[in-house]
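Notes follow the structure.
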Amino acid sequence: MLRYFLLWWIIVAGAAKSLAQTAGNLPKPTKTQLEWHDMEFYLFMHFGPNTFTDLEWGHGTEKEEVFNPTNLDCEQWCRIAKASGAKGIIITAKHHDGFCLWPSKFSKHTVRESNWREGKGDVLKELSAACKKYELKFGVYISPWDRNHPDYGTEKYNEVFVNMIKELFTSYGPIWELWWDGANGEGPNGKKQVYDWKRFEQTVRQLSPNTVVFSDIGPDVRWCGNENGVAGKTNWNTLDTAGFTRGAGGPPQDTLNTGNVNGKNWIPAECDVSIRPGWFYHKTEDNKVKTPEQLFDLYLKSVGRGANLLLNVPPDGRGLITGYDSAALAGFNRLREMNFSKKLKFDGVSFRKKNRGRFIYKECLSDGKPKTFVRFNHDSGLVRLYMKTGVLINCIVLKEDLKKGQQISGVKIEFTGWGVDSEYRQVKTISTVGRKRILSFPAVNAKYITITLINKGRRSRLSEIEAYLIDEKLVEK
Ligand code: FUL
């Protein structure tokens, strides 16, 4: 008997060890990245000479006088951001035309050379102060491609860019996210720059180790592979970057969209998209602002697939966000509040016995706390939710605890209930969950929801299961 017990123990302990090793080897988010995941949704603001010249890519030859907002009010931007439920603002400190929204000592193409506020204005100063006041995170986009700077295309420009980064971090910090565009076109001398990315990265890390750095390949956050704001239905937070560079040398766009299942680095996806067709303000697009329903759909396809949503809302030539955009944003916020405020209640939760984890109380799956989770130790985890009477459901939200890495690779959701005269069963399957996975579908009248995790040998930590009946018009198409 003892012999059998020992044999059993060796097998069980061995299996547990190999599982633990798998989990132990997985890339994990840093504390800063975990906090970034919880930012969910924030605004992008494209603002600069293009706002006044009606261009998307300025030539770099525009006179500084063109930049002249008549009524700039960064607090208005912040109030609108707040009312939309956004948690931060990222501004184009310098776009490809090279114009600096701050009076950089390393350029002669800045707000200082403009007539705006007699050359004494500083958009970054005003925005960073307004963000502090309204408790929003402040981030900057800085394009390395510079169509104006005379040194661009020579080694000297790398020094210029490093100095600009230093200015940003020392005068306008804390900077929560730094957005690096990989664009690498020709400068005024017709040459392309060979960027010293290593040095740029070191400069940021030294000055501000907690800033989240975005680019095609991170190091902290990656591009989602398109500018439509849509993450992959399969969305791994992990990515292989070896052999790739930023910009044209980046991983294929579909890889950026889905991540790599066994990717070596934790580099989650951020979905950037504009509320209007263009990134900069154009009067002709005032009637092309996305509707609250379209924004809600984008939310399902970005945040609802485990990514973050960076929504561009460009201020106009007055330096204000128009009523078209602010109305759409407020409507978007209302839709999220209305549809996700009433969680449907389960009358019971049960687990397959062998899957019981450390935190085994049913409330933990609907307490809204990511810290409490159910850990599934086996290859197939199963949870069953029960409702005394059938309930109409058209949306399920799952959340995964990510501290030990992203592990859930497949979920089967089975609804059982009663149709008009017979019992029915409907099955939906999804792949990854990540920070949040929102699945919406035509309503079912369910009494039991059975959730099976297909883990392929990894341990999984499911922290939340929510069910809703959202407005049927909002169900993902
Ligand atoms: C791109 C730029 O070329 C666009 O103008 C815009 O800034 C977008 C967010 O990134 O690479």
Side-chain angles (χ1 to χ4, degrees), residues 41-62 66-67 77 86 88-101 109 123-124 127 139-149 152 161 164 168 175-187 192-193 195 197 200 212-218 220-231 244-253 256-257 269-282 285 288-290 295 298 302 307-316 325:
F41 157 57
Y42 32 91
L43 300 187
F44 212 177
M45 296 206 179
H46 277 64
F47 190 53
N50 297 341
T51 311
F52 304 87
T53 53
D54 220 11
L55 293 175
E56 276 292 307
W57 279 7
H59 304 289
T61 49
E62 295 77 18
V66 303
F67 182 83
W77 306 359
I89 297 180
I90 300 180
I91 177 135
T92 50
K94 174 172 90 104
H95 203 251
H96 309 326
D97 57 27
F99 185 82
C100 301
L101 293 184
H109 193 50
V123 182
L124 293 198
L127 182 58
V140 290
Y141 163 116
I142 177 163
S143 168
W145 182 24
D146 194 315
R147 303 179 89 181
N148 172 274
H149 206 286
Y152 185 89
F161 197 64
M164 287 181 170
L168 294 181
I175 293 176
W176 156 69
E177 180 170 325
L178 176 69
W179 217 91
W180 268 336
D181 195 303
N184 186 206
E186 281 126 23
K192 287 188 181 174
Q193 179 72 26
Y195 298 134
W197 283 114
F200 302 162
V212 178
V213 179
F214 166 100
S215 83
D216 301 312
I217 50 167
D220 301 313
V221 178
R222 75 172 192 266
W223 184 43
C224 78
N226 61 67
E227 291 183 338
N228 314 322
V230 178
F244 294 115
T245 57
R246 294 178 172 91
Q253 285 174 233
L256 289 170
N257 197 236
E270 180 182 83
C271 298
D272 59 321
V273 61
S274 186
I275 198 166
R276 291 158 169 258
W279 291 102
F280 284 87
Y281 176 79
H282 307 288
E285 293 180 353
K288 294 192 178 128
V289 172
K290 292 189 173 62
L295 296 174
L298 282 175
S302 53
N308 277 3
L309 172 61
L310 172 59
L311 178 65
N312 181 63
V313 181
D316 65 9
D325 307 72

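Order of appearance sets the numbers: ligands from 1, and atoms from 1 within every ligand.
- A side-chain N or O of E56 and one of H282 form a donor-acceptor pair less than 3.5 Å apart.
- Note on ring orientation: taking the six-membered ring where Trp is involved, the planes of F161 and W180 are tilted (angle from 30° to 60°).
- For ligand 1, the polar-atom distance check against W179 finds no nitrogen or oxygen pair separated by under 3.5 Å.
- Put simply, no part of F280 is less than 4.0 Å from ligand 1, judged by heavy atoms.
- Between the side chains of H46 and T92, no donor-acceptor pair is found at a separation under 3.5 Å.
- The Y141 neighbourhood of ligand 1 comprises atoms 7 (O), with distances under 4.0 Å to a heavy atom of that residue.
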### Message
Pair I89, V313 - check side-chain contact (heavy atoms from CB on, under 4.5 Å), show working.
### Response
CA-CA 10 Å; I89 297 180; V313 181; over 6 Å; no
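- Taking only nitrogen or oxygen atoms, main chain and side chain alike, W279 does not reach within less than 3.5 Å of ligand 1.
- Atoms of ligand 1 found under 4.0 Å from any heavy atom of F44, numbered from 1 in the order shown, are 9 (C).
- Protein heavy atom nearest atom 3 (O) of ligand 1, with residue, atom name and distance: H96 NE2, 2.8 Å.
- Taking the ring centroids of F67 and F47, they lie under the 6.0 Å cut-off.
- Taking only non-hydrogen atoms, the option from H95, H46, E56 nearest to atom 5 (O) of ligand 1 is H95.
- When only non-hydrogen protein atoms are considered, atom 1 (C) of ligand 1 lies nearest to D181 OD2, 3.1 Å.
- Between Y195 and Y152, the ring-plane angle classifies as perpendicular under the 30° and 60° cut-offs.
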